[in-house]
Amino acid sequence: MSTPRFRIAPSPTGFFHVGGARTALYNWALAKRLGGTFVLRIEDTDEARNRPEWNQGIVDALAWIGIHSDDPAFEGPYLQSNFATEHLAAANRLYAAGHAYYCDLTPEQIQERSKANGKPGYDGYSRDRGVAPGPGRAMRFRVPSGSTVVHDAVRGGVTFDNDTIEDFVLLRGNGSPMFMLANVVDDITMRISHVIRAEEHLPNTPKQQMLWNALGETPPVWAHVPVLVNEQRKKISKRRDKVALESFRDEGYLSDAMVNYLMTLGWAPKGDTEIVPWATIEQNFRLEDVTHSPAFFDLKKLAAFNGEYIRALPVDDFVNAIEPWLAIWREAHPEAVWNQDVLVAMAPLVQTRIVTLAEAPGMIDFLFLADPVMDEASVTKVLRSADADLVLVSTIESFAAGEWVAESIKTAFERVAEAHGLKLGKAQAPVRVAVTGRTVGPPLFESLELLGRDEVLRRLHVGRTLTGGA
RNA sequence: GCCCCCAUCGUCUAGUGGCCUAGGACACCACCCUUUCAAGGUGGCGGCACGGGUUCGAAUCCCGUUGGGGGUGCCA
C-alpha cells in the first residue's frame, strides 16, 4: 500500500480563512502521523477573482500555523492553472466514452425550461440530441441512473439518489473547465488518497465520485468536517465575520494558541484538558473522532487560549514575542525614550495581564513617554477631588527621601495611606492616575521604582494641577 | 421547493447500552488572595430538544416530530 496523500485546495482570495486553516491542520496532522504527504494546490482558475500575488500569502499563512513548505511531508504549491491540458484531456475522454455530451442551451433558456416544467435546474434536454462540440456549447456530464453512496470517514455512508443530481457542467461554453472537473482531475493527477474538506462540499461529492468512476479511477477516502459558524449559527464568512487568519496573527494571537484552539473545534484531545501541544494532537487526531455538528468559532475562548499560552511563555520568549508590537509603537512615538532594561523588568508583570500581544505597548507606554497619556475618565473619577490632592501632597513629601526600591516605596506609601485613614487600594488611585494616566495598569510601586524618584515626583506635581488643589 | 447533514450545560466538548447522581474547558456568579487590573485558588449556576419504541437496563440503538445547518451557478 502506498503512502497516503492528503491535500488542501484553497483559492487565492487575498486572505486565508480560519476554517481553511482548521481543515489544513486536520490534513497536516494525519499526513505527519501516517508518514504521508500534504499537497498544497492553489485553485486559481476563477480568473476574475484571482491575483497571483496572493499565492505567497497562502504559503505564509500555512507556515504561521506550522505547516512549512520546506517540510519533507509538504508538496507543492501546485497551481491549478498549470493543469489545464489535463482537465481538457479528461473532458474529452469522458465525451469520447459517452459519459458527457454537449448542450447548446443558454442559461436563460435553461431557466425558461425549468420554469415551464416546474422543476429547478437543468432537465437533461440535450442528453440525446447529439449536439456537436462548438463555441458557446457547454459539456455536461451524463449522470447515470441509480444511486451513489459516498463513504465518508466522519459520517459513514451517505446515499444520494442520482435522479436528484442534474447533468452538471464540465466545460463552459468558452471551453474552460468547471471546478467539479478540474478538482477531480487534479486529485487524480496528484494521486490524492484522502479528501478531507468542509461539510459544504458534501453535496458535490456524489458528482465527484461519479467522475472518478467514469474516469476509471477508484475514489479517495472522503471526509467532510463540520463547518465553523458564528453566533447566529451561520457559516462564518468574510462579509460578516472576522475570518482572516492573518488578522489574528497581526493582532498578536500566538500561532500555537490558534492551532490548538482550531483543533478543538470539532475534535477534543483525550483527558480533561484541551490545552495540549501539537505533538500530542498529531499523535491522537483521528477522523473517526471528529464531531458531526457545526462548531461556533468563539473569539472569547480563543482569547482564553491565547492568554493561557502567553502566560506559559518563558519571560525571555515573551519579551521576544511582543517585540514586533513594541517596534510598531516606537515608530508611532519617536519622541519616546526607550529603555530595554525597564521593559525586561516589567515583562513578567505585563505577561499575566494581556490576552493578545498587541496589548503590550498600552500596558507600559507611560514608562517611556515624557508625560503619561491622561485618561479623561480616570482623571475625573479619582483625581478631581480635594482628598486626592491631600494624598498627593503627602505622597510627595513621603517620596522625597528614603530608599527607592519597590518594597521601600510601598512601605513609605502605606504610612501615607494610614495617615489619611485610607486602605492602600484606595489611596494609591490618585498616585496611579497622576503617574500612569490610568486607574488600571501593572503593579504601581514596581512601576514607580523603574520610573525613578525625580520623574515620579515631577508627575505627582503635575497631577496636583489637575486636582484643582494646587 | 428539492437534496443532504446534524442535534449533550449559553459555547466547545467527554460519553460508543450498565462505571452517568452526565465529566472537563470557555463564559458567567460568589468567595479567598491582593497595591489597581490581571493571574492564581475554592465553590456555584447550567445540559442529554420532544414523542414513541427496542432492552432487565438508553445520553448512547431504531422510528417519527420539531429545530438548526449546508447545498441547490456555464462560482470555488
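The analysis underlying the following values was restricted to heavy atoms, covering all of them including side chains, and did not include hydrogens, waters or symmetry mates.
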What's the verdict on side-chain contact (heavy atoms from CB on, under 4.5 Å) for A:Val169 and A:Tyr122, showing C-alpha distance, side-chain angles and the deciding distance?
-> CA-CA 10 Å; A:Val169 173; A:Tyr122 180 70; over 6 Å; no
Partner lookup for [N], please. Criteria are Watson-Crick or G-U wobble with both distances under 3.5 angstrom; report none if nothing qualifies.
{"N": "B:C2", "value": "B:G71"}
{"N": "B:C28", "value": "B:G44"}
{"N": "B:G51", "value": "B:C63"}

Could you go through the salt bridge (charged side-chain N to carboxylate O under 4.0 Å, His left out) check for A:Arg129 and A:Asp104 one step at a time?
-> CA-CA 10 Å; A:Arg129 286 173 59 229; A:Asp104 54 2; 3.1 Å; yes
Any base atoms under 4.0 Å from [X], or only sugar-phosphate, or nothing? Heavy atoms, all strands.
{"X": "A:Lys234", "result": "sugar-phosphate"}
{"X": "A:Leu444", "result": "base"}
{"X": "A:Leu105", "result": "base"}
{"X": "A:Gln351", "result": "nothing"}
{"X": "A:His224", "result": "nothing"}
{"X": "A:Gly266", "result": "sugar-phosphate"}
{"X": "A:Pro442", "result": "base"}

Tell me: [atom1] of [X] to [atom2] of [N], nearest whole Å?
{"X": "A:Asp167", "N": "B:C74", "atom1": "CG", "atom2": "P", "result": "12 Å"}
{"X": "A:Lys207", "N": "B:G70", "atom1": "NZ", "atom2": "P", "result": "17 Å"}
{"X": "A:His87", "N": "B:C74", "atom1": "NE2", "atom2": "P", "result": "19 Å"}
{"X": "A:Leu448", "N": "B:U36", "atom1": "CG", "atom2": "P", "result": "14 Å"}
{"X": "A:Leu349", "N": "B:C37", "atom1": "CG", "atom2": "P", "result": "16 Å"}
{"X": "A:Asn260", "N": "B:C12", "atom1": "CG", "atom2": "P", "result": "17 Å"}
{"X": "A:Phe168", "N": "B:A76", "atom1": "CZ", "atom2": "C1'", "result": "15 Å"}
{"X": "A:Ile165", "N": "B:G73", "atom1": "CD1", "atom2": "P", "result": "13 Å"}

Nearest-nucleotide pick for [X], side chain only, options being [options]:
{"X": "A:Phe296", "options": "B:G70, B:C12, B:C74", "value": "B:C12"}
{"X": "A:Val440", "options": "B:U35, B:C37, B:U13", "value": "B:C37"}
{"X": "A:Lys410", "options": "B:U35, B:C37, B:A76", "value": "B:U35"}

With a cut-off of less than 4.0 Å, is there a side-chain N or O of [X] near OP1 or OP2 of [N]?
{"X": "A:Arg140", "N": "B:C74", "result": "yes"}
{"X": "A:Arg172", "N": "B:C75", "result": "yes"}
{"X": "A:Arg311", "N": "B:G40", "result": "yes"}
{"X": "A:Lys270", "N": "B:G15", "result": "yes"}
{"X": "A:Arg233", "N": "B:C12", "result": "yes"}

Can you tell me how far [atom1] in [N] sits from the matching atom in [M], rounded to whole Å?
{"N": "B:U16", "M": "B:C32", "atom1": "P", "result": "40 Å"}
{"N": "B:A59", "M": "B:G18", "atom1": "P", "result": "11 Å"}
{"N": "B:G17", "M": "B:C62", "atom1": "P", "result": "12 Å"}
{"N": "B:A14", "M": "B:G23", "atom1": "C1'", "result": "6 Å"}
{"N": "B:G67", "M": "B:A27", "atom1": "C1'", "result": "24 Å"}

Sub-3.5 Å pairs of nitrogen or oxygen atoms, protein against nucleotides 2-8 of chain B:
residue : atom : partner  : partner atom : Å
B:C5    : O2'  : A:Arg155 : NH1          : 2.5
B:C5    : O2'  : A:Glu199 : OE2          : 3.1

Checking side-chain contact (heavy atoms from CB on, under 4.5 Å) for the pair A:Thr13/A:Lys238: CA distance, chi angles, key distance, verdict?
-> CA-CA 10 Å; A:Thr13 53; A:Lys238 185 185 188 177; 5.8 Å; no
Please work out whether the ring planes of A:Tyr261 and A:Phe305 are parallel, tilted or perpendicular, with thresholds of 30° and 60°.
->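 Ring orientation, 0 to 90° scale: perpendicular.
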Is it true that atom [atom1] of [X] has more than 12 heavy atoms of other residues, nucleotides or ligands lying nearer than 6.0 Å?
{"X": "A:Glu246", "atom1": "CD", "answer": "yes"}
{"X": "A:Glu200", "atom1": "CD", "answer": "yes"}
{"X": "A:Glu418", "atom1": "CD", "answer": "no"}

Short heteroatom pairs, N/O only, protein and nucleotides 44-46 of chain B, under 3.5 Å:
none

Any side-chain donor-acceptor pair under 3.5 Å between [X] and [Y]?
{"X": "A:Gln208", "Y": "A:Trp222", "result": "no"}
{"X": "A:Arg197", "Y": "A:Thr205", "result": "yes"}
{"X": "A:Tyr101", "Y": "A:Asp167", "result": "yes"}
{"X": "A:Ser176", "Y": "A:Asn174", "result": "yes"}
{"X": "A:Gln283", "Y": "A:Thr280", "result": "no"}

What do the steps show when you test A:Leu357 against A:Phe318 for side-chain contact (heavy atoms from CB on, under 4.5 Å), and what is the final call?
-> CA-CA 9 Å; A:Leu357 301 176; A:Phe318 174 69; 4.3 Å; yes
Any N/O donor-acceptor pair, A:Arg353 side-chain to B:U36 base, under 3.5 Å |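 Flag set: donor-acceptor pair detected.
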Check: A:Phe297 ring centre within less than 6.0 Å of A:Phe248 ring centre |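 That pair passes the under 6.0 Å test.
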Ring centroid separation A:Phe6 to A:Tyr26 under 6.0 Å |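 Aromatic pair excluded; centres sit 6.0 Å or further apart.
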May I ask you to list the residues of residues 418-428 of chain A, by number, that have any heavy atom positioned under 4.0 Å from an atom of RNA chain B?
->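 Under 4.0 Å from RNA chain B: A:Leu424, A:Gly425, A:Gln428.
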Strand-adjacent residues in residues 178-190 of chain A, judged by heavy atoms under 4.0 Å from RNA chain B |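 The stretch gives A:Met178, A:Phe179 as the residues lying under 4.0 Å from the strand, ordered by number.
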Please report the closest heavy-atom contact between A:Asn27 and A:Ile196, naming both atoms and the distance.
->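 Heavy-atom minimum between the residues: ND2-O, 3.2 Å.
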Set out, line by line, the N/O atom pairs under 3.5 Å between protein and nucleotides 25-27 of chain B.
residue : atom : partner  : partner atom : Å
B:A25   : O2'  : A:Glu274 : OE1          : 3.0
B:A25   : N3   : A:Lys301 : NZ           : 3.1

Measure from the side-chain N and O atoms of A:Arg464 to the backbone N and O of A:Val393, and report whether any donor-acceptor pair falls under 3.5 Å.
->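 Side chain of A:Arg464 to backbone of A:Val393: no pair is present.
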Which ring-ring contact (aromatic ring centres under 6.0 Å, His included) pairs, counting each pair once, include a residue from residues 144-178 of chain A, with sequence neighbours left out?
->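 Every ring-ring contact (aromatic ring centres under 6.0 Å, His included) pair that includes a residue of residues 144-178 of chain A, provided the two are not neighbours, is A:Phe141-A:Phe168.
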Side-chain contact, heavy-atom cut-off 4.5 Å: A:Ile110 with A:Tyr125?
->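 No, their side chains stay 4.5 Å or more apart.
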